[in-house]
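Working notes, structure below.
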Protein chains: 2
Amino acid sequence: MSSTQILPVRTESTPPALNASPLETGWQRQGKLWSNLRELCEVLRIPASSASLIADEELLFQHVQFKTGQRIHTIGQPFDALYIVHSGFLKTVLIDEFGNEQVLSFPMKGDLFGVDGIHTRRYASEAVALSNCDLILLPFKKLTALGRIHLEFEHSIYSVMSRELVREQAMISMLGALSAEARVARFLVSLSDRYADMGYSSRLFNLRMTRHEIGSYLGLTLETVSRTLSAFNEIGLITVDQRSIGIKDPEALKTLRRLPPSSARAKQVASRKARQQPREASQRSGAPCEAFPTAV
Amino acid sequence: MSSTQILPVRTESTPPALNASPLETGWQRQGKLWSNLRELCEVLRIPASSASLIADEELLFQHVQFKTGQRIHTIGQPFDALYIVHSGFLKTVLIDEFGNEQVLSFPMKGDLFGVDGIHTRRYASEAVALSNCDLILLPFKKLTALGRIHLEFEHSIYSVMSRELVREQAMISMLGALSAEARVARFLVSLSDRYADMGYSSRLFNLRMTRHEIGSYLGLTLETVSRTLSAFNEIGLITVDQRSIGIKDPEALKTLRRLPPSSARAKQVASRKARQQPREASQRSGAPCEAFPTAV
DNA sequence: CGGAGGCTTGAGATACATCAAGGATCGTGG
DNA sequence: CCACGATCCTTGATGTATCTCAAGCCTCCG
């Protein structure tokens with residue numbers, strides 16, 4: 001509609017080297033350039049049935065596109081807008097004092113990010129495109145103004161922020177309590193679920209991130225991630241071929257707490273302590289199935 | 001920053017008569033204390049200078065009291081209100097499928113909790129009083145309605161939620177990247193800072209939580225927490241006597257990444273590998289004080 | 001005074017990190 | 001089109017930080 005959608009990419013600080021891709025497909029042409037409120041709610045997965053919301057057809061939100069490797073925002077940059085992923089994959093990261101990246105999330109379709117910038121008015125994290133992305137730009141002022149007009153929408157804003165908080169709580173719990181195997185398993189399951197939500201296959205998909213990024217996200221090294229995937233493959237839970245993952249036994253992945261002592265690891269254990277007989281030894285955190293009362 | 005004014009601030013003295021204690025669900029409303037908007041903003045540490053806010057004197061928020069060990073809300077309980085800590089100490093926890101607690105936070109004066117209930121309309125975590133507590137009850141509907149009247153206050157709501165999100169991001173980063181020693185050190189520093197904010201001594205204070213709870217919060221076992229505190233004590237960073245902590249070297253605690261190879265651990269290392277000469281061994285994560293060399 | 005948590009400390013086990021080497025993949029330029 | 005380098009991934013050998021198990025002490029409270 002409008003003529004202003006030129007603004008293709010606002011690439012700030014020099015992204016790695018990704019100049020020169022003239023023959024790149026026309027990602028600028030693809031995808032929508034504006035969304036109305038109804039579409040916004042739809043992608044956010046929040047009910048937007050209210051007549052007033054649907055009626056607001058002329059209120060539009062601009063889309064912005066980013067290419068693989070480009071930064072959407074950096075740490076410390078003045079905050080002015082939130083983003084919703086319309087298509088594509090990203091990562092958000094924190095940078096520690098040594099320059100090491102710590103991955104916080106992998107936003108994909110329907111996810112909101114940038115919320116951490118509200119408090120200090122500067123983004124607290126950095127968002128990077130892992131693929132070409134189409135994002136919906138949500139100027140914060142515009143958003144809150146809208147919330148005042150549509151009460152239902154206001155609640156949705158709070159709700160989505162709350163959802164993010166709950167997600168991070170689950171993350172903390174996972175990092176604090178689960179084994180490497182359980183973390184990787186849950187990561188795969190959550191990816192699988194997200195793909196299903198987006199209409200892709202939940203059984204066969206491609207990872208958009210490196211082992212290093214997965215490891216950072218899960219609090220593990222890339223070698224441990226790689227080994228764990230290989231182990232899952234060996235016992236038939238999944239198939240792995242580089243970035244391609246096939247989910248073979250979703251149920252087992254969902255409930256996995258520690259790898260069964262058999263399989264690949266058995267040989268290792270056997271060889272290492274052939275003489276020493278370690279009896280049963282599986283207490284406390286327990287094998288996959290174990291009921292426990294107590295607590296508190 | 002005293003909240004004197006109108007309010008008789010009772011530092012956690014046992015509230016008089018609390019009818020028995022169903023301990024579950026029921027929060028005893030003592031209904032004696034009320035805060036207006038200005039006081040609310042004050043305890044939340046957000047600017048509330050706007051005339052309109054101060055003017056709203058008759059809009060009052062109810063306080064509720066809880067005794068040590070009581071639950072403010074439990075997981076799955078219908079959500080209707082947020083809480084701000086006016087005085088006292090609490091913990092929020094997640095309960096896993098085996099009934100094990102995972103501590104998420106230790107709310108104290110000025111902290112907001114209950115936000116995780118907005119999304120599903122049920123609390124996603126459980127809040128338990130670690131001491132007698134005086135909380136400000138914030139009915140969610142009342143809160144959002146107020147935000148619509150006072151724009152400045154509306155922004156504050158978003159801001160405080162954002163602050164919580166940033167806090168959790170920092171937590172994730174810590175769990176994913178730091179050693180046990182660094183986690184404990186940072187925990188002590190953050191406690192010290194909070195005590196200072198509240199007007200207590202930042203150098204000498206009492207822990208309100210057990211080693212087990214600290215360990216759960218930091219993703220460690222209680223033994224590791226205990227040992228780490230003992231080690232800090234041995235090298236003079238702190239003094240420890242049960243729940244009483246004295247901060248001796250705040251700067252060292254702030255920058256600590258891993259314990260210097262000397263001290264208690266030295267003897268252990270020495271005895272264990274007397275013959276094998278482990279060179280300097282301080283690469284990568286580096287010793288306590290280390291300028292930022294490379295990285296990235 | 002006794003019992004129940006809570007804390008400390010030691011010895012040993014192990015899960016994961018670290019170090020290292022080689023193979024697969026892909027974009028780029030000759 | 002192929003060779004090349006840069007990543008990325010896999011796998012093995014080894015090290016070690018943290019957990020686990022166990023025992024004893026302390027402190028609070030009925």
Side-chain angles (χ1 to χ4, degrees), chain A residues 16-21 23-24 68-69 175-184 206-216 218-231 233-234 240-245 257-259 261 264-265 267-269 271-273 276-286 296, chain B residues 68-69 175-184 207-215 218-231 233-234 240-245 257-259 261 264-265 267-269 271-273 276 278-279 281-285:
Chain A
L18 45 66
N19 38 3
S21 53
L23 37 99
E24 179 63 306
T68 304
L175 290 174
L178 297 190
S179 69
E181 289 134 11
R183 292 182 211 180
V184 174
N206 269 46
L207 299 175
R208 303 321 233 267
M209 62 294 283
T210 68
R211 303 286 192 267
H212 180 76
E213 287 162 341
I214 296 173
S216 171
L218 298 176
L220 304 170
T221 58
L222 68 94
E223 292 97 329
T224 298
V225 173
S226 178
R227 266 188 260 271
T228 305
L229 290 175
S230 296
N233 179 57
E234 269 188 68
V240 190
D241 179 34
Q242 300 291 111
R243 299 278 179 104
S244 167
I245 301 285
R257 310 237 109 214
R258 56 203 310 166
L259 225 38
R265 324 194 64 232
K267 65 174 187 295
Q268 193 184 100
V269 173
S271 69
R272 199 179 283 187
K273 45 185 59 181
Q276 169 185 343
Q277 217 3 304
R279 45 29 234 289
E280 258 316 324
S282 63
Q283 282 349 7
R284 230 201 67 94
S285 276
V296 165
Chain B
T68 303
L175 291 174
L178 296 190
S179 69
E181 289 135 11
R183 291 182 211 181
V184 174
L207 299 174
R208 305 319 235 267
M209 63 294 282
T210 68
R211 302 288 191 266
H212 180 76
E213 286 162 341
I214 296 172
L218 298 177
L220 304 170
T221 59
L222 69 93
E223 292 97 330
T224 297
V225 172
S226 177
R227 267 188 260 270
T228 305
L229 290 175
S230 296
N233 179 56
E234 270 187 68
V240 190
D241 178 34
Q242 300 289 111
R243 299 279 180 103
S244 167
I245 301 284
R257 309 236 112 216
R258 57 200 311 165
L259 225 38
R265 325 193 62 234
K267 65 175 189 293
Q268 193 183 101
V269 171
S271 71
R272 200 180 279 187
K273 46 185 58 181
Q276 168 186 342
R279 216 51 327 280
S282 65
Q283 53 280 47
R284 234 198 66 94
S285 278

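All chains are named by letter (A, B, ...) in the order of the sequence lines, taking the proteins before the strands, and each is independently numbered beginning at 1. The analysis underlying the following values was restricted to heavy atoms, covering all of them including side chains, and did not include hydrogens, waters or symmetry mates.
- With DNA chain C read from its 5' end, the first of the two nearest nucleotides for A:Leu178 and A:Asp241 is the one closest to A:Leu178.
- Scanning both residues, A:Arg211 and A:Gln242, for their nearest heavy atoms gives NH2-O, 2.8 Å.
- In terms of heavy atoms, B:Asn233 sits closest to B:Val240 at OD1-N, 3.6 Å.
- Contact between the side-chain N/O atoms of B:Arg211 and the OP1/OP2 oxygens of C:dG6 is not found at any separation under 4.0 Å.
- Side-chain proximity of A:Thr221 to D:dT11, C:dT18, D:dT18: nearest is C:dT18.
- Heavy atoms of A:Gly219 sit under 4.0 angstrom from primed sugar atoms or phosphate atoms, though from no base atom.
- For the pair A:Leu220 and A:Ala180, the tightest heavy-atom approach, listed with the atom from each and the gap, is CD2-CB, 3.7 Å.
- If you check D:dT18, D:dC9, C:dG6 against the side chain of B:Thr210, the one that comes closest is C:dG6.
- Heavy-atom minimum distance, B:Arg183 versus B:Leu178: NE-O, 2.9 Å.
- We find that CD of B:Glu234 is positioned 12 Å from P of C:dT8, with the value rounded to whole Å.
- The CD1 atom of A:Ile245 sits 17 Å away from the P atom of D:dC8 (whole-angstrom rounding).
- Applying the 3.5 Å distance criterion, the base of C:dC19 shares a donor-acceptor pair with the side chain of A:Glu223.
- B:Leu207 places its CG atom 16 Å from the C1' atom of C:dG5, with the value rounded to the nearest Å.
- For A:His212 and C:dA17, the NE2 to P distance is 12 Å, given to the nearest whole Å.
- The side chain of A:Arg243 lies closest to D:dC9, out of D:dC9, D:dT18, C:dT8.
- Per the geometry, CG belonging to A:Asn206 stands 14 Å off C1' belonging to D:dC8, to the nearest Å.
- Look at B:Thr224 and you'll find a side-chain N or O under 4.0 angstrom from OP1 or OP2 of D:dC19.
- Looking at heavy-atom distances under 4.0 Å, B:Leu229 makes no contact with the nucleic acid at all.
- For D:dT20, the base has a donor-acceptor partner in the side chain of B:Arg227 [N/O atoms by modelled type, under 3.5 angstrom].
- Residues satisfying the side-chain contact (heavy atoms from CB on, under 4.5 Å) criterion with B:Thr221, sequence neighbours excluded, are B:Glu223, B:Thr224.
- Between the P atom of D:dC28 and the CD atom of B:Gln242 lies a distance of 8 Å, rounded to the nearest Å.
- Rounded to whole angstrom, the span from the CD atom of B:Glu213 across to the C1' atom of C:dG6 amounts to 11 Å.
- Between the CG atom of A:Leu220 and the C1' atom of D:dT18 there is a distance of 15 Å, given to the nearest Å.
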